[in-house]
Amino acid sequence: MTRLVLIDGSSYLYRAFHALPPLSNAAGEPTGALFGVVNMLRGHLKEQPEHIAFVVDAPGPTFRDEMYPDYKANRPPMPDELRAQVAPMLDVVSALGIPILREPGVEADDVIGTLAVRAAEQGMQVTISTGDKDFAQLVRPGIALVNTMSGSRLDSEEAVRAKFGVRPAQIVDYLALMGDSIDNVPGVEKCGPKTAAKWLDEYGSLDAVMAQAEAMKGKLGENLRAALPRLPLNRQLVTIKTDVPLDVAPEDLALRPRDVDALRALYTRYGFNQALKELDAGASAAAAPAPVATAASVAAQTDPALAAPGEYETVLTQAQLDAWIARLQAAAEFAFDSETDSLDPLRANLVGLSFSVEPGRACYIPLAHVYPDAPAQLDRAAVLEALRPLLEDPAKHKLGQHGKYDLHVLCRHGIQVRGYADDTMLESFVLEAGLARHDMDSLARRHLGYTTIKYEDVAGKGARQIPFSQVAIDAATRYAAEDADITLRLHRVLRPKLEAEPALLAVYRDIEMPLVPVLARIEDNGVMIDVEELRRQSADLSRRMLALQQRATALAGRSFNLDSPKQLGALLFDELKLPARVKTPGGAPSTNEEALEAIADLHELPRVILDYRSLAKLRSTYTDKLPEMVNPDTGRVHTSYHQAGAATGRLSSSDPNLQNIPVRTEEGRRIRAAFIAPPGRRIVSFDYSQIELRIMAHLSQDPALLRAFAQGADIHRATAAEVLGKPLEAVTSEERRAAKAINFGLIYGMGAFGLARQLGIDRGQAQDYIALYFSRYPGVRDYMERTRAQAREQGYVETVFGRRLALEYIHSRNAAQRAGAERAAINAPMQGTAADIIKRAMVAVDAWLEDQRTAAGAPRALMILQVHDELVFEADADFVPELQAKVPALMAGVADLRVPLLVEGGVGANWDEAH
DNA sequence: AAGGACTCATA
DNA sequence: GTATGAGTCCTTT
C-alpha cells in the first residue's frame, strides 16, 4: 500500500521554536526551530514514504478570518528569530525532495484535511504529522496522526477516545465547547477537556448539549448559557475542511530525489554536523540513521561527547553514578529535583534525585523505591555523600523549580545546599506576575509547548494514590528526570527574558533569590504553641457554642444546622420573613455578617447566629486545628510560605496559614497568646507603621501627605484635620474614623459606593468626602490617574523596586472586570512595594542574625513569622535589647523613600504580648 | 472524593 | 474597594 505523509509545517516550526533552546550557528543566525524541523523531516524520510508534502500557510486572509474577525487575534506577530528561519527551512525541505504546498486563501489545515481524505479514499495509508490536536477529528481507517515532538501516535478511533474521551467525529464539538485561547476562540468558561468530554459523552453532540443548556445547573450551566450564541461559530472555526478545491492531487506528491550538494551547503552553513556526517556517509545508502526531532537529539547535535543512548537514564550502578557526578562536575550549572513521599517537606523522606546538565538529557537516581520486585538501588546515604561536595559548593550553580522544597528535603537528610542560584518558578513569577501560573506544568506548556507527565499519571490520585516510593522505577524515571530536564530547559528560555529587563532582573536577583534560604530557615524554625491552652480554649468555645445553639433552636422553634447558610437562609428569610438586604455573588440572599447585622434589631436570632459563628470560626480554624499541625519531631508548628503565591509580590502562608491568626477581638487575641516562647526566650515583634500609606505618599509626592509623615503625625487625624480645615486637636473620634476609612479605601482603589457602605452614609455624601479629600491632596488624585493610565497603556503597573504586575482584564469588554482591574492597578504598587520592602528586610535581618550566632554556632534569635508588615522573632531573653536596637534600623533602612519608614516593636512571653 | 459556593480570619 | 487561605456544607462524580 502506498503511503502519504502530510506535514503541518507551521505547527512544527512554531513548536520547535518554542521547545528548543535558542541555538545559533557560527555566524549567529538563529537555527533552533530550523534544527527541530530538519530532524523531524529526517525522521519521516527514514520511513521512506512514497508520497509526502510539507504544507504551510500562504500569506493573506482565509475564510476563517472573514467568518470571525478576531480569529487568532491573540497571536503575537512572528518573532524575528523565527521569521529568519522560514526561508532556510523551505530551502532544506526543497533540497530533501519534499514537495511544498502553500495554497492562498485556504489554511494549511484545510489543505491537509482535503488531501488526507482524498488519499484515504484512494486507498493510501495517510499519516498527518502535526503538533495540533485539532487534527484528531480526521482520524479514521487509513488516516493516522503522529506528533514527532511528543512521540504520540493516534491511529484509530480507540486511540482518540483514549486520549480525549470522545470519538474523532465528536472532536469538533469538543473543541467548540472548550474554545482555543491560542486562536482567540472563546469556548464555555470553566469547561475544559473533562467537562467537554463529559457532556458529549452524556448528550452525544454539541447540538444536544446546547438543547440541554437551560437544564444545566450551577456555574457551569450559567457559563454554558452565556456561551450559547458563539458555539455554532466555534464549531465552524475548528472544523477542518476536507473539500477545498485544489489543483494538486495526492498522487502528485511523490518524494523526489534529494539534492545532496544543496543539502551539504545548507547543513554546513547552519552547523548541523550530525546531519552532515550522515549525508556524506550515506550518500549512496538510502536509509542512514536519522534521529527524530526529540530534545535528546538536540543534545546529541550540540554536544556529541555526551550523546548516550536514551534521553533519561535510571542510575542504578556505581559506574553510572560516577559518570553522572563527572558530568555534574564538568557542567557550569545543573538542574536538580528531589522526589519524596510527602508534600510536607519537613516530614518528607527522600525517595530519589534527578539531575540534568543539558536540555534533553537527565538522570533519575532512585534511592528508596520499595515495592515487590523493585530493583536493587544505590545506598541513599552513600549517594548523598558522593553528591555532597557538589550540592554544598556555593560556586556550583544549581537550578530548580520551587527549590525551597528540595532545600528542605536535602537539609533533613543532612545536606546544606549552597549555590542555589536560580529558580524557574521565581523567574516566571518576576516576569509574568498576574498573567500566568508558575507551576512547572504550566511553564512547560507556555514556554516550551511541552506537556509534562502529571504526578497523578504515575502515582494515581485520591484514595488510590500511592506514595512515590511505590511508583515503578521506569515510570518514576520518566517523571522525575523530566522535571530536572524541563527545569533546565525553562531556565534557558526564561533567563534571557530576565536579562533583557534589568529592573526585573534586579527584583529577581536582589529580592527573590536571596529570600529563598531565608524562608526555608523561617519554615524550619517553626513556632512553639501552647497546645494545652488551645485545648482549654476549644473546650470553652464548645460549651458556649452549645448554649448558643440551644438558644437558636428555641428562637427558631425547631432545630436546624447553624453552620449551613442554606438552612439558615430558609429559616430567616422564608419562615421568619426577615428582610433579605444583602445578596451573595450567586444571587441568593446572603447570611453573612453584614446581612445579619442589618436585621439584628428585628429579631434576636441573627445576633445569636453571629455570636455562634465567631466562636465556631475560632474553634474550627484555630483552636482545634493548630494542635493538629504540631510536627511530632520538632514539637512546633511549621507553616509554608509561598513566594510566588500573590501576584502583588506578597507572600502567602498555608498549612497552616499563620498570616490570619485573629487579633481584632479579645477572643481572637487569646489564640495569639498561645503562640509562645520556650523558657529563657521571648517573642519579639516588629511591624512597619502605615507602610502602604507612606508608600502612597512617596509615589504621589503629594506635599500635604509628605509633610504629615515628615512631622510624625497621627496620619488619620492629620487627614481629618486637613480635609476639614481644622486644627489637629479639634478632630473628633468620629471624624478620625471617617478619615481612616478614606485612607484605607484609597489604598484599595475604592469609589464612593464602597466608602458609603463602609461608613454607613449615603453615596452622595461619600462622593463629597472623596472630592474634598482630593482637593486637599491633589497629588494623590493625580497619582491615581497616572496609575490607571499606565495600566491601560502598558498593561501592567510597577512597584518602587521595578516589580511588575500585569492586569489581564484592564481592557476587558466587561465593565465590572475592567473596574476590578483598575482597582487592582491602584492597589498593586502600594501592596507590592510594601512586599518588596519587607522581603529585603527579611534578607538583611537574616544575614545579621547569622552573624550574631554564639561561638558555638547557636542562633541567639530566630525569625519565626512574617505577616505582610510584621516580622516576629523568638530571641534569647538576654539578646532582646540588641534585637530591639538593631532590627528596626535594618527594617527601616532597606528602602529610601521620600518619607521615613517607622518600625514599631514589642516584646513578651507570647505573640499577643509582643504585638 | 472532588469542586463550587459561602463565610470569615489576616494585612 | 486590594491581597490571600481555609473550614463547612452540599451537589455532583
Side-chain angles (χ1 to χ4, degrees), chain A residues 190 194-195 198 201-202 216-223 433-434 461-465 561-569 582-596 609-610 613-622 624-625 629 639-642 645-665 667-668 671-672 687-688 690-692 741-742 744-758 766 770 797 805 816 819-832 834-835 838 865-870 915:
Chain A
K190 282 273 169 317
K194 297 294 170 199
T195 307
K198 189 190 76 179
D201 187 51
E202 208 170 321
M216 295 274 199
K217 296 213 183 91
K219 191 82 191 161
L220 222 39
E222 212 173 282
N223 293 342
K461 60 175 182 163
R464 284 186 302 282
Q465 188 166 77
N561 184 350
L562 277 72
D563 293 320
S564 166
K566 202 177 166 185
Q567 291 184 30
L568 181 61
V582 185
K583 292 270 189 285
T584 70
S590 173
T591 67
N592 69 12
E593 184 172 354
E594 187 191 352
L596 297 185
I609 299 288
L610 283 168
R613 281 222 184 122
S614 75
L615 303 185
K617 175 79 175 177
L618 294 178
R619 198 188 71 175
S620 68
T621 309
Y622 305 107
D624 279 358
K625 268 301 154 357
M629 305 298 290
T639 184
S640 173
Y641 286 105
H642 305 274
T648 51
R650 269 193 183 175
L651 300 178
S652 77
S653 155
S654 69
D655 311 293
N657 181 356
L658 295 185
Q659 291 181 323
N660 71 346
I661 301 302
V663 70
R664 294 199 230 273
T665 64
E667 295 292 343
I671 294 168
R672 250 169 214 244
D687 69 278
Y688 286 105
Q690 307 293 357
I691 187 167
E692 293 186 8
I742 295 188
F744 274 101
L746 286 165
I747 292 172
Y748 298 149
M750 70 158 184
F753 184 82
L755 182 66
R757 175 194 270 244
Q758 176 72 29
I770 293 172
V797 292
L805 170 64
E822 288 188 1
R823 291 192 296 271
I826 298 286
N827 176 255
M830 293 181 267
Q831 190 182 118
I838 197 164
L865 294 170
Q866 189 256 40
V867 193
H868 306 310
D869 64 2
E870 175 184 16
H915 186 74

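In what follows, chains are A, B, ... by sequence order, proteins preceding strands, each numbered from 1.
- Every residue meeting the side-chain contact (heavy atoms from CB on, under 4.5 Å) condition with A:Y641, not counting sequence neighbours, appears here in chain and number order: A:L519, A:I522, A:E523, A:T639, A:L651, A:S653, A:Q659, A:L865, A:Q866.
- As judged by a 4.0 angstrom heavy-atom cut-off over every strand, A:Q567 is placed among residues touching the sugar-phosphate backbone only.
- A sub-4.0 Å separation between OP1 or OP2 of C:dA3 and a side-chain N or O of A:T648 is absent.
- Between A:Q831 atom CD and C:dG1 atom P there is a gap of 17 Å when expressed in whole angstrom units.
- Shown here are the side-chain contact (heavy atoms from CB on, under 4.5 Å) partners of A:A824, two or more places apart in sequence or in another chain: A:L807.
- Of the candidates A:K566, A:Q567, A:R613, A:T591 forms a side chain to side chain donor-acceptor pair (under 3.5 Å) with just one, namely A:R613.
- With sequence neighbours left out, A:P662 forms a side-chain contact (heavy atoms from CB on, under 4.5 Å) with A:L618, A:Y622, A:I671.
- Counting to the nearest Å, the C1' atom of B:dC8 and the CD1 atom of A:I661 are 13 Å from each other.
- Side-chain nitrogen and oxygen atoms of A:R823 include none within less than 4.0 Å of the OP1 or OP2 phosphate oxygen of C:dG1.
- When each of C:dC10, B:dT7, C:dT2 is scored by its nearest atom to the side-chain atoms of A:S590, the top-ranked nucleotide is B:dT7.
- A close approach under 4.0 Å does occur between a side-chain nitrogen or oxygen of A:T591 and OP1 or OP2 of B:dT7.
- Checking the phosphate oxygens (OP1, OP2) of C:dC10, a side-chain nitrogen or oxygen of A:S564 falls inside 4.0 Å.
- The side-chain contact (heavy atoms from CB on, under 4.5 Å) check on A:T584 picks up A:A588, A:S590, with sequence neighbours excluded.
- Distance A:D563 CG to C:dC10 P: 9 Å, rounded to the nearest Å.
- When atom types are taken as modelled, the side chain of A:R619 and the backbone of A:D624 share no donor-acceptor pair closer than 3.5 angstrom.
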| task | Check the pair A:V867, A:H915 against side-chain contact (heavy atoms from CB on, under 4.5 Å), reporting the backbone distance first and the verdict last. | result | CA-CA 11 Å; A:V867 193; A:H915 186 74; over 6 Å; no
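- At least one side-chain nitrogen or oxygen of A:R664 sits closer than 4.0 Å to the OP1 or OP2 atom of B:dA11.
- The interatomic distance linking A:H915 (NE2) with B:dT10 (C1') rounds to 10 Å, in whole Å.
- A:M750 places its CE atom 16 Å from the P atom of C:dA3, with the value rounded to the nearest Å.
- Regarding contacts with the backbone of B:dA11, every side-chain N or O of A:R650 stays at 4.0 angstrom or more from both OP1 and OP2.
- Within 4.0 Å (heavy atoms only), A:G749 reaches no atom of the nucleic acid at all.
- Distances from the side chain of A:D869 to the nucleotides B:dA11, B:dC6, B:dA9 place B:dA11 closest.
- With rounding to the nearest 0.5 angstrom, the CZ atom of A:R757 is 4.5 Å from the CD atom of A:E594.
- Using a 4.0 Å heavy-atom distance criterion, A:F744 is classed as making no nucleic acid contact.
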At a cut-off of 3.5 Å, list every protein nitrogen or oxygen paired with a nitrogen or oxygen from nucleotides 5-7 of chain C, distance to 0.1 Å.
unit_1, atom_1, unit_2, atom_2, d
C:dG5, OP1, A:S652, OG, 2.6
C:dG5, O4', A:N657, ND2, 2.9
C:dA6, OP1, A:D655, N, 2.7

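- To the nearest angstrom, C1' of B:dA11 lies 10 Å from CD of A:Q866.
- Comparing C:dA3, B:dA11, C:dC9 by their nearest atom to the side chain of A:V867 picks out B:dA11.
- Counting to the nearest Å, the P atom of C:dG1 and the CD1 atom of A:I747 are 16 Å from each other.
- Out of B:dA9, B:dA11, C:dC10, the shortest distance to the side chain of A:H868 is found at B:dA11.
- Screening residues 648-657 of chain A for salt bridge (Lys or Arg N to Asp or Glu O under 4.0 Å), with sequence neighbours left out, gives A:R650-A:E692.
- One can place CZ of A:R613 at 12 Å from C1' of C:dC9, the figure rounded to the nearest angstrom.
- Residue A:A647 is classed as a sugar-phosphate contact, given heavy-atom separations below 4.0 Å to backbone atoms only.
- With B:dC8, C:dT2, C:dT4 as the choices, the nucleotide that has an atom nearest any side-chain atom of A:E593 turns out to be B:dC8.
- Nearest to the side chain of A:K566, among C:dA3, B:dC8, C:dT11, sits C:dT11.
- A:E870 comes within 4.0 angstrom of no nucleic acid atom, judged by non-hydrogen atoms across all strands.
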